[in-house]
Each structure stands twice: as structure tokens, then as C-alpha cells.
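Everything below concerns the one structure shown next.
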Amino acid sequence: MPPVAKVEPITTARALRGPFDYLRPDGVGVGSVLVVPFGHRDVVGVVVALAETSELADDRLVAPRRVLDHDLPPELVELAGWMAAEYCSTPARALSLVSPPPGARAKLAWWATPAATAAAAAASDAGEGEGDKARPLSERQRALLDGLREHGARAAGSDLPALRRLAGRGLVTLERRTVRRYVSHEAVGARRVQPPPLTPDQLRVLGEVELELGRAAPEPLLLHGVTGSGKTEIYLRAAATALDHGRGVIVLVPEIGLTPQIVSRFADRFGDTVAVLHSKLSAGERHDEWSRLRSGAARVCIGPRSAVFAPIELLGLIVLDEEHDASYKHEGDPRYDARHVAARRAQQAGALLLAGSATPRPESVHRLRRVRLRHRVDAQAMPPVQIVDMRETAGALHPDTSHALVDASKSIVLLNRRGWSNFVDCRSCGHAWMCPQCDVALVLHRSRAQLSCHHCGHRERVPARCTQCGSVSVARHGAGTERLEHDLTQIGHEVFRLDADVADAGAVLRRFEQARRGILVGTQMVAKGHDFPDVTLAVVVDADGTLRFPDFRAEERTFALVTQLAGRAGRGPAGGRVLVQTLSPDAPSISAAARHDADGFLEGELMRREALRYPPFSHLIRIVVSAPELAAMREAAQAVRVQLGAIETAQVLGPAPLFRLRGRERAQLVIKAGDRAGAVRAAGAAVDAVAADRRRRGVAYSVDVDPQ
Ligand code: ADP
Ligand code: ZN
Ligand code: ZN
């Protein structure tokens with residue numbers, strides 16, 4: 001083996017350019033995790049390559065301090081290198097994403113095993129040990145020993161003192177063993193361990209999936225199936241096939257807390273070979289789940305976007321459930337998109353990428369081969385959707401909506417705004433309460449008696465009087481989920497609120513599931529993949545909410561939100577219906593969603609994108625420049641613009657001002673490029689060049705490839 005290990009220290013410093021050479025201890029290879037002396041301290045680093053020689057002088061080549069227990073599969077080291085380049089980040093930052101969970105260790109406990117020695121045999125014959133220990137066993141000791149002989153080894157637990165005495169007599173061996181911290185899976189919805197027989201539609205789709213699974217280099221598939229069409233059952237069958245072939249499986253889901261059903265369905269079907277990785281686990285649980293995956297004891301990993309880095313070797317399948325979901329995009333550095341990383345990882349491993357959604361992104365429809373499930377499992381009709389024109393109505397709810405809510409026993413109401421009211425101002429002088437750190441209005445949260453900024457988290461007390469003119473007449477405008485919750489209780493049903501202000505989303509969903517009557521009201525969280533068969537009514541309160549964003553994805557998001565919410569209604573024998581309140585009843589995204597016309601929407605949307613050269617017909621890169629001072633920020637943004645110059649096959653837009661955030665003035669530049677890799681390199685080089693000028697202190701730059 002070559003004597004030099006090239007190590008990338010896991011630090012967040014951008015200026016650092018690794019890897020650095022160290023002596024290679026025995027057994028260390030690509031993916032080994034080491035503690036190395038680095039400058040004046042010790043840091044954790046990952047071996048990214050081995051080499052025969054180093055450019056360092058022999059006496060400067062030092063040995064690592066320690067080799068850690070965990071190592072990474074070499075594929076993940078390669079994936080991190082790719083990610084660093086793809087997202088204009090550093091290898092160290094990319095490696096920190098794929099590395100074993102830090103901090104935790106294996107949990108050890110005493111284990112007792114019956115000894116298979118002569119002493120033990122004698123004891124079982126005569127009821128006593130040998131020599132000076134030849135006292136009879138107490139009844140308790142006898143019972144302990146018999147239990148052990150019957151069941152084999154077990155954790156000592158509170159019997160440890162008694163077992164120690166037996167060990168002293170040579171009857172039992174005690175040793176430290178690793179014990180696993182079990183993660184419990186929440187059971188929500190009907191449990192079904194036996195797979196149901198597939199519908200003909202599902203059989204056809206599964207046939208396509210299995211054909212790809214059998215290939216050496218499978219072509220990615222997009223499973224476009226209406227809500228309730230049985231996509232999850234396809235994922236389960238595909239996973240079973242992959243496991244049969246001896247291959248591992250990753251299942252990516254938007255948010256575990258909101259979609260516990262899919263975890264329990266996998267756990268019910270495959271048992272202990274399923275591991276979960278998500279942020280709600282304790283450090284110890286995460287350590288153990290990671291180790292089970294790394295050792296191969298678990299072969300299926302379910303989790304949100306970071307589970308795309310699960311240390312599974314011989315990967316055969318990556319499922320991307322609800323592939324349209326915005327949570328797949330990571331908003332830290334590297335700003336990776338788990339869908340894009342999953343595609344790369346699948347390709348690298350020769351695994352099948354199976355993306356599924358009822359509302360796939362136009363990009364995915366354009367790029368992937370599509371298989372369809374056009375009907376709900378039990379051939380139930382999609383719920384009729386009625387558009388409610390709000391242009392003549394004051395207040396949050398149309399009278400028709402209120403009547404429907406009174407009649408329905410169980411309903412879901414979506415309003416994509418948290419809090420009580422959107423903004424607060426003075427009736428006398430017009431003073432509006434704004435965030436001191438950001439140029440946005442503060443939102444009233446009445447239960448906390450606070451005004452809060454939804455961008456930076458700033459909070460202040462609700463004002464009793466105007467800070468400008470002293471008037472006590474303060475007006476609240478607009479309604480959020482908190483206000484709507486309050487208004488809906490007038491209807492007489494129990495109301496359950498679900499939004500980011502609620503501590504335990506799973507508990508709210510469980511209580512709503514168990515209730516016989518009730519209204520679930522909340523933000524887009526209520527539109528996730530919940531399967532409650534007794535919900536007969538779904539309402540979108542302000543369908544234009546997402547349309548008003550100045551973003552080329554506004555139409556796509558609106559279509560997805562309305563369709564997904566509609567998909568929660570009428571899943572049971574009682575059927576259901578959907579009301580969509582809007583000020584723009586003719587918007588294509590809203591009318592297409594009302595017709596359940598995904599094809600019509602996608603076709604129109606792709607034409608629009610092509611005409612405007614938006615993805616998938618170009619790649620976007622967004623550079624945000626920020627600084628405490630407006631002048632410094634503007635100068636730096638202009639300098640980036642100049643550095644970008646004329647990139648071939650790309651168009652550079654901006655700098656355009658953004659609203660002040662967390663006390664920083666901001667502007668953005670957007671690159672629309674044909675050649676992705678070239679534009680990423682140009683963006684990285686431009687930012688590095690401008691950032692290298694030390695006179696620009698306090699200026700920060702972020703590069704976002706494929707911004708969402
Ligand atoms: P989707 O993920 O497409 O929204 P699900 O997979 O959640 O749909 O399926 C909807 C419901 O239909 C679930 O309760 C599921 O257990 C059930 N289901 C799926 N496939 C079948 C089948 N072949 N026969 C009977 N029930 C099924
Ligand atoms: Zn005032
Ligand atoms: Zn703020």
C-alpha cells in the first residue's frame with residue numbers, strides 16, 4: 001500500500017485548499033476518518049486518496065493522531081468531491097455532509113453468557129462450584145443461571161451484582177458488548193403487513209420498474225401517479241426486488257415528522273433491515289442507525305434529503321417520494337439538491353432512481369422517462385374541485401365555504417400563512433411595524449402576544465400604543481392560520497392547527513386522525529401525503545398566496561399545492577370535494593388543478609419555460625452579495641458583475657436589489673446558462689476574485705446552483 005494518505009480536514013474555512021499529506025497508518029484507505037494534527041490543533045479529516053510520494057520533506061510528513069472507528073464507503077468520498085464542484089463549495093464542506101454523525105459513540109453494556117467450563121458442568125450436576133467456592137447456589141442464583149442456560153446471552157441490567165458473583169465462581173462470563181439504541185416507528189394509519197394484490201395498473205408499472213432494476217445501468221424513472229394511486233406500494237415492491245438481488249435501498253421523503261406513514265409501512269414490510277436517519281433522532285440513535293447501515297446489518301434507509309448520503313454499499317434503488325417537494329433543496333453550504341445528488345449517486349452505483357409524485361416538476365417530466373398511474377387504487381373518482389371566486393367577498397371565508405365546513409364531518413383547510421395577521425399598523429398616523437433587521441412587516445402572533453419576523457426570528461411585544469404618535473388605535477390586517485383557527489371554532493367542530501409554530505406535528509395529526517369530527521387547519525404542512533380516508537372536504541383559502549411570489553416557479557408551486565391538498569379529500573367510501581378560494585379564477589395553474597389536468601398544466605408550463613429560457617431549458621445560478629453597508633454591498637455586487645464579464649452561452653442578469661435581511665443589505669445576480677459546468681466555474685472564479693480583495697470587509701457571497 002502507498003505510504004502517503006491525502007487527508008481533507010473537515011473545516012468550514014473557505015480559503016483552505018486541501019488535501020494535505022500524512023503518513024498512512026496500516027489499514028487506512030480512502031474513506032478512513034482520522035484525527036490529524038493541523039496547525040496548532042487536532043482536526044477530523046477524511047482520507048480522499050493514497051499516494052506513493054509526497055511533496056513534503058520526509059521530516060514534515062507526520063502521522064495522524066488516531067484512526068476513528070467509522071469509515072466512509074469510498075463512493076461517498078467521490079460523491080462529495082463531485083458535490084463540491086457541482087455546487088461551488090469546498091471538498092471539506094461537502095465531506096462534512098457525508099461523514100459519520102459526529103460526537104456519539106457506540107453504547108456499551110455488560111452481557112452475561114453461561115460458561116461452558118468444567119466448573120459449570122460440575123455445578124449443574126452437583127448444584128455447587130468447586131474448591132473453596134463449593135457452597136450451594138442460592139435460589140436466586142440458581143434461577144438466574146437456569147434462565148441464562150435456557151435463553152443464552154443477555155444484557156446484565158440490574159442483575160449485574162448477582163451475575164458478578166456467579167462470574168466469580170466461573171459459572172458465567174461477563175463482557176462489555178455494544179447495545180443498540182432502538183428507534184421506534186410511529187404507527188399512523190392502518191397497518192398492513194401483508195402486501196395487497198396489485199391492481200392491473202400497478203402491475204404494469206411494476207413491470208417497467210423491475211425491467212430497469214434488472215439492468216446494469218438502469219435508466220431513471222418518473223412515476224407520475226395521481227394522489228391515492230398506490231405509488232407507495234410500488235416503492236415497497238421495488239425495494240423488495242432490490243433486496244432480493246442483494247442490493248441496498250434508499251427512500252427519500254420530504255419530512256419524516258409529517259409523513260410517518262411511509263416509515264411505518266416500510267418497517268412493517270421489511271422489519272429490522274430498515275434504518276431511519278433524520279434530525280429528530282438522538283445523537284446515539286443516529287450513530288447506531290448509521291453503523292447498522294455501514295456494517296450492512298440494515299439495508300434500507302429512509303429519511304429526508306440528507307439520507308441520500310446513507311452509507312449503503314451495493315446500492316440498487318433510490319426512491320424519491322414526492323419529488324416536487326421543496327425540502328429536497330438544502331439551504332446551507334453546499335446548497336445541494338438531494339434530487340440531483342440522488343441521480344448522480346444512482347448513476348455511480350448502477351442503481352435505479354425512481355422518482356414519484358402526483359405533481360412532478362416540469363424539469364423531471366422533461367428529463368425522465370415517465371410511467372403513469374392514472375387512477376386511484378379502488379378506481380374511485382378524483383374529488384370534484386369547485387373554484388370559489390373571492391373578488392366580491394370580504395373576510396377570509398366565502399359563505400359557501402362556511403356552509404360546506406358546517407356540513408362536512410371531517411375537513412382540511414389550507415392557508416399558507418402563519419400567525420394571526422400579516423401586518424399591523426397605526427390607524428392614526430399609518431406607522432407600520434417592521435422588523436428592525438429586515439425590510440419586512442412583522443407578523444402578529446396573538447397567543448404569544450408577540451410580533452415576529454418570519455425571516456430572521458426577531459420578536460417583540462405587541463404594542464399597546466403607536467410608537468410614533470401615541471395612538472392606541474392599532475389595526476391588524478389579513479388573516480393567518482392562528483386567526484383562522486379562532487374563526488373556525490365558531491363552526492362548532494373541533495379545530496386542529498398544524499403549522500411551524502406547533503411543537504409536535506405528529507401529535508396533531510394523530511389527534512385529528514382519531515377524532516370523529518374536526519377541521520385540520522394549517523399551512524402547506526396539511527397538504528403533505530396524509531392518508532385519512534374519512535376526510536370529505538378540502539379547502540384552499542387563498543390559492544393566490546403562492547402565485548404572488550415573483551418567482552418563475554410560482555405557477556408550478558400553486559398547481560402542486562392545490563392538487564396535493566385536493567388529494568387529501570375523498571379517499572374513503574364517502575367520497576369528497578374540494579373548494580378553492582381565489583382572486584384569480586382564470587390563472588392557468590388554478591384552473592388546471594381544478595380540472596385535475598396535470599398534462600395540460602405541464603404542457604403549458606414547459607412551453608412558457610422554453611419561451612423564457614427557464615429550467616429545464618437552461619441552468620440558473622444565483623449569486624447573492626450582502627453587507628451591512630449599502631454602498632459596500634453595491635460596489636462588491638458590481639465587481640462580481642464585471643468579473644462575470646461575458647460568459648459564453650450565458651446571460652447575466654442584475655445585480656438587482658433584494659430586501660434587507662438580518663441587518664444585511666443584499667443584491668442578487670442571476671446567470672442563465674446553457675453550459676452548466678462552465679457557468680458554475682465562472683461564477684466560482686468571479687466570487688473568489690472579488691472576495692480576495694481584502695478591502696471589501698464584511699461582504700459575503702453565496703452561490704446557489706439551481707436555486708429553488
Ligand atoms: P399514493 O402514494 O399514490 O398517494 P398510497 O400508496 O398511499 O397512494 O395508496 C393509497 C391507499 O391505497 C393506501 O391506503 C394503500 O394501502 C392502498 N393500496 C395501495 N395499493 C393497493 C392495492 N393494490 N390494493 C388495495 N389497496 C391498496
Ligand atoms: Zn401612529
Ligand atoms: Zn427580521
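- Side chain of Ser411 to main chain of Ala538: no donor-acceptor pair is present (N/O by atom type, distance under 3.5 Å, no hydrogens or angles).
- Separation of atoms CG (Leu206) and CD1 (Ile234) is listed at 5.0 Å; rounding is to 0.5 Å.
- Ring geometry for His431 versus Trp433: interplanar angle over 60°, hence perpendicular rather than tilted (30 to 60°).
- Between Ile262 and Thr232, some side-chain heavy-atom pair lies under the 4.5 Å cut-off.
- Rounding to the nearest 0.5 Å places CD1 of Ile621 at 13.5 Å from CZ of Arg335.
- Within the 4.5 Å cutoff, no side-chain heavy atoms of Gln708 are placed close to those of Tyr328.
- Ion pair Glu363/Arg609 flagged as a salt bridge, since at least one NZ, NE, NH1 or NH2 atom sits closer than 4.0 Å to an Asp/Glu carboxylate oxygen.
- Remark: Glu323 engages Arg361 in a salt bridge, criterion side-chain N to carboxylate O under 4.0 Å.
- Between Asp501 and Arg448, at least one side-chain N (NZ, or NE/NH1/NH2) sits under 4.0 Å from a carboxylate O, which counts as a salt bridge.
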Pair Leu317, Ile250 - check side-chain contact (heavy atoms from CB on, under 4.5 Å), show working.
CA-CA 6 Å; Leu317 172 69; Ile250 293 176; over 6 Å; no
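- Of all non-hydrogen atoms in Ile302 and Ala307, the two that sit nearest each other are C-CB, 4.4 Å.
- For His403, the NE2 atom counts as loosely surrounded, since its 6.0 Å shell holds 12 or fewer non-hydrogen atoms of other residues, nucleotides or ligands.
- With hydrogens and angles ignored, the 3.5 Å screen pairs no side-chain donor or acceptor of Glu460 with any backbone N or O of Gln450.
- Proximity of Leu669 to Ile671: side-chain heavy atoms (C-beta onward) are nowhere separated by under 4.5 Å.
- In this structure, the side chains of Leu520 and Lys410 stay at 4.5 Å or more apart for every pair of heavy atoms.
- Side-chain rings of Phe512 and His530 stay apart, their centers remaining 6.0 Å or farther from each other.
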Between Val443 and Phe423, does the side-chain contact (heavy atoms from CB on, under 4.5 Å) criterion hold? Intermediate values first, please.
CA-CA 5 Å; Val443 176; Phe423 73 99; over 6 Å; no
What verdict does the side-chain contact (heavy atoms from CB on, under 4.5 Å) test give for Val440 and Cys453, after you've listed the backbone C-alpha separation in whole Å, the side-chain angles of each residue and the deciding distance to 0.1 Å?
CA-CA 7 Å; Val440 294; Cys453 171; 3.8 Å; yes
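- Atoms CD1 and CZ, from Ile590 and Phe601 in turn, are 10.5 Å apart once rounded to the nearest 0.5 Å.
- Ionic pairing of Glu233 and Arg237 is present here: one or more N-O contacts between side-chain nitrogen and carboxylate oxygen are shorter than 4.0 angstrom.
- Closest heavy-atom contact between Ser626 and Arg666: CB-CG, 3.7 Å.
- A salt bridge links Arg608 with Glu605: the closest approach of a Lys/Arg side-chain nitrogen to an acidic carboxylate oxygen falls below 4.0 angstrom.
- No side-chain donor from either of His477 and Ser421 sits under 3.5 Å from a side-chain acceptor of the other.
- Ser618 contributes atom OG, which lies 4.5 Å from atom CG of Leu620 (distance to the nearest 0.5 angstrom).
- Partner of Arg417 under the side chain to side chain donor-acceptor pair (under 3.5 Å) criterion, chosen from Asp542, Thr481, Asp499, Thr523: Asp542.
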Audit row: Leu442, His458, side-chain contact (heavy atoms from CB on, under 4.5 Å) steps and yes/no
CA-CA 9 Å; Leu442 293 173; His458 166 86; 4.1 Å; yes
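- Residues Arg568 and Gln564 bring a donor and an acceptor atom of their side chains to less than 3.5 Å of each other.
- In summary, of the residues considered (Lys528, Glu322, Arg305, His278), a side-chain contact (heavy atoms from CB on, under 4.5 Å) with Glu255 occurs for Lys528 alone.
- Taking CG of Asp597 as the reference point, atom CG of Leu602 lies at 9.0 Å (rounded to 0.5 Å).
- For the residue pair Glu556 / Ser589, no side-chain donor-acceptor distance below 3.5 Å is found, with atom types taken as modelled.
- Contact detail for Cys456 and Arg662: the closest heavy-atom pair is CB-CG, 3.6 Å.
- Classification of Asp599 and Arg370 as a salt-bridged pair holds, one side-chain N sitting under 4.0 Å from a carboxylate O.
- In terms of heavy-atom proximity, Arg497 sits nearest to Val502 at O-CG2, 3.3 Å.
- When every heavy atom of Leu373 is checked against every heavy atom of Gln202, the shortest pair comes out as CD2-N, 3.9 Å.
- Remark: side-chain polar atoms of Asn416 are paired, donor with acceptor, to backbone N or O of Gln524 under 3.5 angstrom.
- Salt bridge Arg372/Asp201: absent, no basic N to carboxylate O contact under 4.0 Å.
- For Lys329 (side chain) and Asp706 (main-chain N/O), a donor-acceptor pair under 3.5 Å exists by modelled atom type.
- Judged purely by atom type and a 3.5 angstrom limit, Gln380 uses its side chain to pair as donor or acceptor with the backbone of Gly572.
- A donor-acceptor distance shorter than 3.5 angstrom exists from the side chain of Thr563 to the backbone of Phe559, with no hydrogens or angles considered.
- At least one side-chain heavy atom of Arg571 sits less than 4.5 Å from a side-chain heavy atom of Thr227.
- Environment of CZ in Arg369: crowded, with over 12 heavy atoms of neighbouring residues, nucleotides or ligands closer than 6.0 Å.
- The side-chain heavy atoms of Lys672 and Tyr614, taken from C-beta on, include a pair separated by under 4.5 Å.
- Nearest heavy atoms, Glu482 versus Ser447: OE2-N, 2.6 Å.
- By the 30° and 60° cut-offs, the orientation of the rings of His455 relative to Phe659 is perpendicular.
- With salt bridges taken as basic N to acidic carboxylate O contacts below 4.0 Å, none links Lys231 and Asp321.
- Ring-plane geometry between Tyr87 and Tyr336 is classed as perpendicular, the angle between the planes exceeding 60 degrees on a 0 to 90 degree scale with a lower cut at 30.
- Separation of the His445 and His454 ring centroids falls under the 6.0 Å cut-off.
- Annotation: side chain of Val539 is not in contact with side chain of Val578 (no heavy-atom distance under 4.5 Å).
- We find that Asp551 and Arg557 are joined by a salt bridge, their nearest charged nitrogen and carboxylate oxygen being less than 4.0 Å apart.
- Contact of the Arg577 side chain with the Thr536 side chain is not registered, since no non-hydrogen atoms from C-beta on lie closer than 4.5 Å.
- Between Arg344 and Glu86, no side-chain nitrogen of the basic residue sits less than 4.0 Å from a carboxylate oxygen of the acidic one, so the salt-bridge criterion is not met.
- Distance check: Ser702 OG to Ile623 CD1 gives 9.0 Å after rounding to the nearest 0.5 Å.
- A side-chain donor from one of Gln668 and Arg622 sits under 3.5 Å from a side-chain acceptor of the other.
- Shown here is Glu603, whose CD atom has no more than 12 heavy atoms of other residues, nucleotides or ligands within 6.0 Å.
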